[in-house]
Protein chains: 2
Amino acid sequence: MGTMQLETVPEPKYWHLKTVLSEALDSEFSVGEILPNERELAARFGVARATLRQALEQLELEGRLQRRRGVGTTVAPPRVGVDVGSESGPHAWPGAPGDAWQPEDHESAPAPAAVARLLGTGRDEVHAVRRSRTTGGQQVASEVLYVPATLVPPVAEGDGAQHGSARARAVLRELHRLELGGQERTVELGSARADDARRLDRLPGAPVLVVTTRYFADGRTAAVSVATYRADTCRLSFGDADAVSLMAS
Amino acid sequence: MGTMQLETVPEPKYWHLKTVLSEALDSEFSVGEILPNERELAARFGVARATLRQALEQLELEGRLQRRRGVGTTVAPPRVGVDVGSESGPHAWPGAPGDAWQPEDHESAPAPAAVARLLGTGRDEVHAVRRSRTTGGQQVASEVLYVPATLVPPVAEGDGAQHGSARARAVLRELHRLELGGQERTVELGSARADDARRLDRLPGAPVLVVTTRYFADGRTAAVSVATYRADTCRLSFGDADAVSLMAS
DNA sequence: TAGTGGTCTAGACCACGTG
DNA sequence: ACGTGGTCTAGACCACTAT
C-alpha cells in the first residue's frame, strides 16, 4: 500500500482554531482591543458558532481573552501576580499589618462540613469573617475565615448597631492574642458558586483557584480560611521574600 | 403592579442539573462506580445531550467525575494532596534526596521565550531536563527543568551511548554544586498542550495547574522549572513541615 | 463489532449592557 | 431597541476501548 499515513491524527477544529486565534492575538491585537463578535468570527473561519466558542472558552481559561455578555470579547491583559505566601518570611495571622485583605462582614452562615471537620467543632460554633482582596481597583479574590467560637468568644453583640465590618475586625483582633504555631496551604481548582461569582464579577461556574489555609496554635487548628481567586486573571505567587529582595540588588 | 418578582432569576438548566447530579453522587454512588451513559442520562433528565454534558464537564473540572472515551463516566476518588514544598522550610535543589520527582530525559527542544527571559539566556543555551511525578501508580505531573548551559557545562556528550536519563541526572548533579540562595513559586491555571496531555493521560486542553519555580543562586536565576499537574485529580499542598509534625503529637 | 465519550452543525431563544 | 455573549436543542459523525 502506498498510502503514507504520515501520522494523520486529525486535529480537532476547535484546537486548531485556538492556535490560529492565539497567534493572531500575539501579532495583530493589543490589550483591551475588542474582537469581532462570535457570529462573525465563526463565519470568517467557516465553522459553527459552537465550535468557535469552544476555542474562545479555552483562550479565556488561559487568561488570553475576556468575554462579557452584552459587551463583547476583549484581549485580556497578562495575569496579575498576587502574593499568597511568605507574608515576608514568618507566617502571620490574617489581618496582621501589611495584609492585603480587607475585612468586609461577619456572616452567620454555618461553616462547610469539611471546614468544621478541620476545626473539630460543630458547623455553627464558628465565627465567619468575610474578606475581599483587590488589585488595581479590581476584585480578584473573596475569602471566608472560620474561627471556632470557643477560641474567640462572641464579640460585642450587645453593642447593638455595631455593623458587620467592625465585628469582623474584632474577631481578628482577638485571634491575634494567640501565638501562631504555623500554617499549611493547599491550592486546587474549583468553580465559583453563585455568591462568589457575583462578588468576582463572573458567571456561576467560572474557574477559580481555591486556596485553603489552616492556621495552627496551641497544637490545634485555630482557624481555617477558604479564599477564592479568579483563575482567569490571577497567577498565585508564593514568593521567598529574601530571595526576591536579593534579586533587587 | 401586583406582580411580585420574587427574585425570579431563571437558573440555567445545566447548573441545576449539576446540583442534582452532585447530590446524587454523594448519596447514591460510591467511588469508581460507573454512571449511565450520556444519552441515557440526558433522556432521563429530559434535556439535550449537550446540556447534560455541560453539567458533567463542570463536575469533572471539580474532580467529582472522571470520563474516558470508549469506557464511560465514573465517580472519581477525592483529590490527592501532592506536596509541592514548604514555603518556609529549607529550600532544596530539584533532585535533592527526598525529592518526589523522577528524572526521565534530557531534551533538546528550545526553552519557551518566557523562560529564557527569566534565565537571561538565549532559548537554545539551556539544558532541559524532563521529570515526572507519580502518586499511587498514577502519573500526576510532568515537569521540565531549564538550566543555563553557562552554569552547567555540556555534560558528557562524548560518552556516546549515554541515554537521556543519565544525562538528566548528570545535569542535576552539577546543579547541586551551586549554593541555593532561595526560590519563588507561582501557580496558575492552564490547559494541557498535546505532549503533556499524552503524558498525563488526558485529552489536549485538559485543565492543569502550572507551577513555575525560579531557583536563585549567586544573585541570579540559576534554574527555572515548569511543572504541570492534573487539575482534576490534584490538590497542591504547600505544607509547613514544622506545623504538620507538631500536629502529629 | 458494539458502545462509549468527543466533535461538530445549524439553527433558536434568552439575559444583559449600552445607546 | 439593538447587539452582545449565554443557553439549549436534535440531530450527525468520529475516535477510542473493550469484547
Side-chain angles (χ1 to χ4, degrees), chain A residues 5 7-19 21 33-61 64-76 191-192 194 197-198 201-207 232, chain B residues 5 7-19 21 33-61 64-76 191-192 194 197-198 201-207 232:
Chain A
Q5 264 297 99
E7 307 254 7
T8 305
V9 179
E11 194 177 43
K13 275 191 188 178
Y14 78 91
W15 187 258
H16 179 243
L17 205 48
K18 182 194 137 186
T19 309
L21 283 169
E33 202 171 341
I34 186 166
L35 266 62
N37 72 52
E38 297 183 350
R39 289 160 181 88
E40 177 169 341
L41 278 178
R44 188 178 300 184
F45 287 107
V47 298
R49 183 155 81 112
T51 304
L52 185 268
R53 275 178 63 81
Q54 228 176 322
L56 294 185
E57 268 154 32
Q58 284 248 354
L59 290 170
E60 188 177 30
L61 196 81
R64 306 287 314 271
L65 290 179
Q66 187 153 355
R67 303 192 288 170
R68 271 173 307 171
R69 171 159 46 181
V71 179
T73 301
T74 57
V75 181
S191 51
R198 208 175 331 105
D201 191 27
R202 301 262 62 198
L203 290 176
D232 56 343
Chain B
Q5 265 295 100
E7 307 255 7
T8 304
V9 179
E11 195 178 44
K13 276 190 189 179
Y14 78 92
W15 187 258
H16 180 243
L17 248 186
K18 185 195 134 184
T19 309
L21 284 169
E33 202 171 341
I34 187 167
L35 267 63
N37 71 53
E38 296 183 350
R39 289 161 180 87
E40 177 170 341
L41 278 179
R44 190 178 299 183
F45 287 107
V47 299
R49 190 176 154 222
T51 305
L52 185 268
R53 277 178 61 80
Q54 227 175 324
L56 294 185
E57 268 154 32
Q58 285 246 357
L59 289 170
E60 189 178 30
L61 196 83
R64 306 287 313 271
L65 290 179
Q66 187 153 356
R67 301 192 290 171
R68 272 173 306 172
R69 171 159 50 179
V71 179
T73 302
T74 57
V75 181
S191 52
R198 209 175 329 105
D201 190 30
R202 301 261 64 197
L203 290 177
D232 54 345

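The analysis underlying the following values was restricted to heavy atoms, covering all of them including side chains, and did not include hydrogens, waters or symmetry mates. For clarity, every value in this text was computed on a predicted model and none was experimentally measured.
Remark on DNA chain D: of its neighbouring residues E38(A) and A48(B), the 5'-side contact belongs to E38(A), judged by nearest-heavy-atom nucleotide. Heavy-atom nearest nucleotides on DNA chain C were determined for Q54(A) and for V71(A), and the one closer to the 5' end corresponds to Q54(A).
Between L56(B) atom CG and dG5(C) atom P there is a gap of 8 Å when expressed in whole angstrom units. Rounded to whole Å, the distance from CZ on R68(A) to P on dG6(D) is 11 Å. Atom-to-atom, CD of E40(A) to C1' of dG3(D) comes out at 13 Å; the value is rounded to the nearest Å. Atom-to-atom, CG of L52(B) to C1' of dG11(D) comes out at 16 Å; the value is rounded to the nearest Å. Atom CD in Q66(B) sits roughly 18 Å away from atom P in dT4(C) (whole-Å rounding). Distance L65(A) CG to dG6(D) P: 11 Å, rounded to the nearest Å. Spacing between atom CG of L17(A) and atom P of dT9(C) amounts to 10 Å, rounded to whole angstrom units. R53(A) has its CZ atom 17 Å from the P atom of dA10(C), to the nearest Å.
Regarding contacts with the backbone of dT4(D), a side-chain N or O of N37(A) is found under 4.0 angstrom from either OP1 or OP2. OP1 or OP2 of dG5(C) lies within a sub-4.0 Å distance of a side-chain N or O belonging to T73(B). Phosphate proximity of dG6(C) to R67(B): present, with a side-chain N or O under 4.0 Å from OP1 or OP2. Between Y14(A) and dT7(C) there is a side-chain N or O to OP1 or OP2 distance below 4.0 Å. Of the side-chain N and O atoms in T51(B), one or more sit less than 4.0 angstrom from OP1 or OP2 of dT9(D).
When the side chain to side chain donor-acceptor pair (under 3.5 Å) test is applied to R64(A), the partners found at least two apart in sequence or on another chain are S22(A), D26(A).
Annotation: side chain of R53(A) is in contact with side chain of R67(A) (closest heavy-atom distance under 4.5 Å). With contacts defined as side-chain heavy-atom distances shorter than 4.5 Å, the pair F45(B)/L21(B) qualifies.
A salt bridge is defined here as a Lys NZ or Arg NE, NH1 or NH2 lying under 4.0 Å from an Asp or Glu carboxylate O, and R68(A) with D201(A) fails to meet this definition.
With rounding to the nearest 0.5 Å, the separation of CG in L52(A) from CG in N37(A) is 9.5 Å.
Looking at T73(A), V75(A), V71(A), T74(A) one by one, the single match for side-chain contact (heavy atoms from CB on, under 4.5 Å) with Q66(A) turns out to be T74(A).
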N/O to N/O distances under 3.5 Å, protein versus nucleotides 12-15 of chain C:
none

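The two residues R202(B) and D232(B) make their nearest non-hydrogen contact at NH1-OD2, 2.9 Å.
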